[in-house]
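Position 1 is the first residue of the sequence, and the numbers go up from there. Ligands are counted one by one from 1 in listed order, and the atoms in each one are counted from 1 as well.
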Amino acid sequence: MNTTVTIGRTTFANPVLAASGTFEFGLKFPAVANRLGGVVTKAITLQPRVGNPPPRICEFPGGILNSVGLENPGVEKFCTEVVPRTAKLKCRVLVNIAGFTVEEYGELAARLDSEPVDAFEVNVSCPNVREGGALFGQQPQVVEAITTLVRRRTAKTVIVKLTANFVDPVETAKAAEAAGADGVTLINTLFGLALDENGRPFLGGRTGGVSGPALKPFALFCVDRVAAAVKIPIVGCGGIMDSADAFDFLSAGARMVQVGTASLVNPEAALEVWAGMKECAAKNRLTGWEQIVGRARRRGG
Ligand SMILES: Cc1cc2nc3c(=O)[nH]c(=O)nc-3n(C[C@H](O)[C@H](O)[C@H](O)COP(=O)(O)O)c2cc1C
């Protein structure tokens, strides 16, 4: 079976990606990265960021909350010190870009366009500083503006990573599609709050983003709805721990999947997801992913 998937100008050897923020730049575990479809880098901003004070991670029975706060070296250092090393990986490299104004997204795309990276994942789950901190991804017209700007500044593949925090991602996905996105990723973490034994916020950043198995049913729900509303490919993300979870996302309409929190528990998790998918595809004599993608709806679900 041909295991490749193409989104925009980028062909991936298989449909499994390491999710942003959970696999650094893919350089710690190159033997894993090299066998994945690709690695999404942690978010890159124009300026370096130190991130939030500790603690940054809080476990709960359904997953974790994180408040990393977009810690990263900034785009210049990323280009000079990280990209020469990620360019040697055998998988695709997607750069997750995050801005604090609409214009910053355009600047990031323009700066990275000439670098040897394969695609952009546009992270619109950041607070819009000029609009009182509402997330960019909560307003379809802002998603459209960011996507238009990024599209104008790069010929590389553009995938917009949508948020489902207090917003219907169907509308924002349509906006990204209308503005020329090659695909959308669904979903990013959901807002959460963890308290300590004294009833005070546990995380250094006060609130955090929920990820892990607790996210999966809602993420699947979002993928299923968006798949019925747009034609561009969907990258499914949220609580994927094994190959059965990954197949659920394909069945709901995703063409690719991302493994996030599972990699924090086991750095080989994404590879194990891919190995399980391959085995299942062979056992069921699949001839192409299209036999699975979107079957939840084809069966009248
Ligand atoms: C520690 C941590 C850091 C993350 N950093 C980013 C980030 O920089 N950019 C981004 O778009 N998503 C980030 N995410 C969200 C993940 O990429 C993913 O969308 C989310 O965790 C849901 O998938 P999962 O349940 O498989 O972890 C981060 C998640 C975690 C747990």
- request: Taking only Lys NZ, Arg NE, NH1 and NH2, and the carboxylate oxygens of Asp or Glu, determine whether D118 and R9 approach each other closer than 4.0 Å.
  value: no
- request: Would you mind checking if E115 and R111 are paired as a salt bridge, meaning a charged N to carboxylate O distance below 4.0 Å?
  value: yes
message: Strictly under 4.0 angstrom, heavy-atom based: which residues surround ligand 1?
response: A19, S20, G21, T22, A43, I64, N66, V68, N96, N123, K161, I187, N188, T189, S211, G212, L215, C237, G238, G239, G260, T261
- prompt: Can you pull the ring-ring contact (aromatic ring centres under 6.0 Å, His included) pairs that have at least one residue in residues 159-200, sequence neighbours excluded?
  reply: F166-F191
task: Just jot down the side chain to side chain donor-acceptor pair (under 3.5 Å) partners of S251, sequence neighbours excluded, or say none.
output: R295
message: Restricting to side chain to side chain donor-acceptor pair (under 3.5 Å), what partner residues turn up for S114, sequence neighbours left out?
response: none
message: Looking at N198 and R200, would you say the former's side chain and the latter's main chain have a donor-acceptor pair under 3.5 Å?
response: no
